[in-house]
2 protein chains.
Amino acid sequence: MFELDVRSRKPIYEQLVEKLKQLIINDVLKEDEKLPSVRELAQQLTINPNTIQKAYRELESQGYIYSLKGKGSFVHPSGKVDNEEELKKVREELKKLFAEAIYLGMTSEEIAALLREVEGGQQDD
Amino acid sequence: MFELDVRSRKPIYEQLVEKLKQLIINDVLKEDEKLPSVRELAQQLTINPNTIQKAYRELESQGYIYSLKGKGSFVHPSGKVDNEEELKKVREELKKLFAEAIYLGMTSEEIAALLREVEGGQQDD
DNA sequence: TTAACTGTATTATTACTTCTAGTACAGTAG
DNA sequence: CTACTGTACTAGAAGTAATAATACAGTTAA
């Protein structure tokens, strides 16, 4: 499914959150698709189930997945995500990153081009 | 000068790096301005000098400040920053954040507006 | 109902990172 | 010289991440 860098200074569960988020955002994992179970993914990646659970819990609190006891964890449909708190974080993050990019010498046109590039690759409903 | 959240789950030195970066980017700290010395800032914030040094080392490696033994640490002039590695990281970060913002429901126009906002006035945290 | 899944929670222990503390060395400036 | 500056290192305390084992509750199919 994907790989993790155990030697990284970044916590495994954070790497997991990022990777899964990317898969969801880029529509590799479709709406309402079932994710591997906590224990199954733990076995696949040879890491502890608790670490997977921590990542899933984080993804759920951010609105990317939903979990049903006894059934499994599923991708939250994009259109139905309503997480004002996450949106606020992303806006703040964007502002900081824009300032940083400009400071490092990027022009707004370069940044805008990057946005169009991402926008194009996005096949949203 | 600023405040830190010791109770945060984010390491103190990382918070320091972020705050100082913001001050530099938003021109609160001017080009070639002298930063507080490692020991002085440590005393002001009542944290260990080693923690300050770690933050300064990080800022230096990212191209935001330069340090002269016996003299002090100073803000690296914006125009002279040439850190392709940092720029690459920022571009990747931007792409991820764009995809995330769009997934959470932001339109490209909203994102572009945010960029214009940052581009125009210098805003703070 | 039972068996085998699922998510979730708890506790204990280990491993790792962060932070602190103390010390030291080298360069600068008055 | 004295008193600043950055930088480096070791040691240990404190906090976080990861593992391990166990348990409970809900779902599903035989």
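Here is how names work: the chains are called A, B, and so on, in the same order as the sequence lines, proteins then strands, and each is numbered from 1.
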Engineer: How long is the span from the CD1 atom in Ile102(A) to the OG1 atom in Thr107(A), to the nearest 0.5 Å?
Structural biologist: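 Answer for the CD1-OG1 pair, Ile102(A) versus Thr107(A), is 9.0 Å.
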Engineer: Calculate the interatomic distance between Asn48(B) atom CG and dA13(D) atom P; express it in whole Å.
Structural biologist: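 Going from Asn48(B) (CG) to dA13(D) (P), I get 15 Å.
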Engineer: Once you round it to whole Å, what is the distance between P of dA18(D) and NZ of Lys10(A)?
Structural biologist: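 For the pair Lys10(A) NZ and dA18(D) P, the rounded distance is 12 Å.
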Engineer: So, does Tyr13(A) get its side chain near the phosphate of dA17(D), meaning an N or O under 4.0 Å from OP1 or OP2?
Structural biologist: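 Yes.
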Engineer: Does a nitrogen or oxygen in the side chain of Ser37(A) sit under 4.0 Å from OP1 or OP2 of dC5(C)?
Structural biologist: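 Checking dC5(C) against Ser37(A), no side-chain N or O comes under 4.0 Å of OP1 or OP2.
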Engineer: Could you check whether the rings of Tyr66(A) and His76(A) sit parallel, tilted or perpendicular, using 30° and 60° as the cut-offs?
Structural biologist: perpendicular
Engineer: Protein within reach of the bases, or only the backbone? For nucleotides 22-30 of chain D, mark each nucleotide 5' to 3' as B, S or -, using heavy atoms under 4.0 Å.
Structural biologist: -B--BSS--
Engineer: Take atom CG of Leu45(A) and atom P of dA18(D), then tell me their distance rounded to the nearest Å.
Structural biologist: 13 Å
Engineer: Under the side chain to side chain donor-acceptor pair (under 3.5 Å) test, which residues partner Lys54(A), sequence neighbours left out?
Structural biologist: none
Engineer: If I take atom CD in residue Glu14(B) and atom P in nucleotide dT16(D), what distance separates them, rounded to the nearest angstrom?
Structural biologist: 13 Å
Engineer: Taking only residues two or more places apart in sequence or in another chain, which ones pass side-chain contact (heavy atoms from CB on, under 4.5 Å) with Ser61(B)?
Structural biologist: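 Counting only residues at least two positions away or on another chain, Ser61(B) forms a side-chain contact (heavy atoms from CB on, under 4.5 Å) with Glu58(B).
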Engineer: Closest-nucleotide mapping onto DNA chain C: is Ser67(A) or Thr46(B) further toward the 5' terminus? I mean the 5' end.
Structural biologist: Ser67(A)
Engineer: To the nearest angstrom, how far is Ile12(A) atom CD1 from dC16(C) atom P?
Structural biologist: 11 Å
Engineer: In residues 51-60 of chain B, which ones come under 4.0 Å of DNA chain D, going by heavy atoms?
Structural biologist: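 Heavy-atom contacts with DNA chain D come from Gln53(B), Glu60(B).
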Engineer: Can you tell me how far C1' of dT5(D) sits from CD of Gln43(B), to the nearest Å?
Structural biologist: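 In whole Å, dT5(D) C1' lies 15 Å from Gln43(B) CD.
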Engineer: Is a salt bridge present between Glu14(B) and Lys19(B), judged by a nitrogen-to-oxygen distance below 4.0 Å?
Structural biologist: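 Salt bridge flag = no for Lys19(B) with Glu14(B).
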Engineer: List for me each residue that meets side chain to side chain donor-acceptor pair (under 3.5 Å) alongside Glu92(B), sequence neighbours excluded, and say none if there are none.
Structural biologist: none
Engineer: Does some side-chain heavy atom of Leu35(A) sit less than 4.5 Å from a side-chain heavy atom of Leu41(A)?
Structural biologist: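 No - every pair of side-chain heavy atoms lies 4.5 Å or more apart.
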Engineer: Between Glu86(B) and Lys89(B), does at least one N-O distance fall below 4.0 Å, as a salt bridge requires?
Structural biologist: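 Result for this pair is yes, salt bridge flagged.
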Engineer: Does a side-chain N or O of Ser73(B) approach OP1 or OP2 of dG6(D) to a distance below 4.0 Å, or not?
Structural biologist: yes
Engineer: If the condition is side chain to side chain donor-acceptor pair (under 3.5 Å), which residues does Lys71(B) pass it with, not counting sequence neighbours?
Structural biologist: none
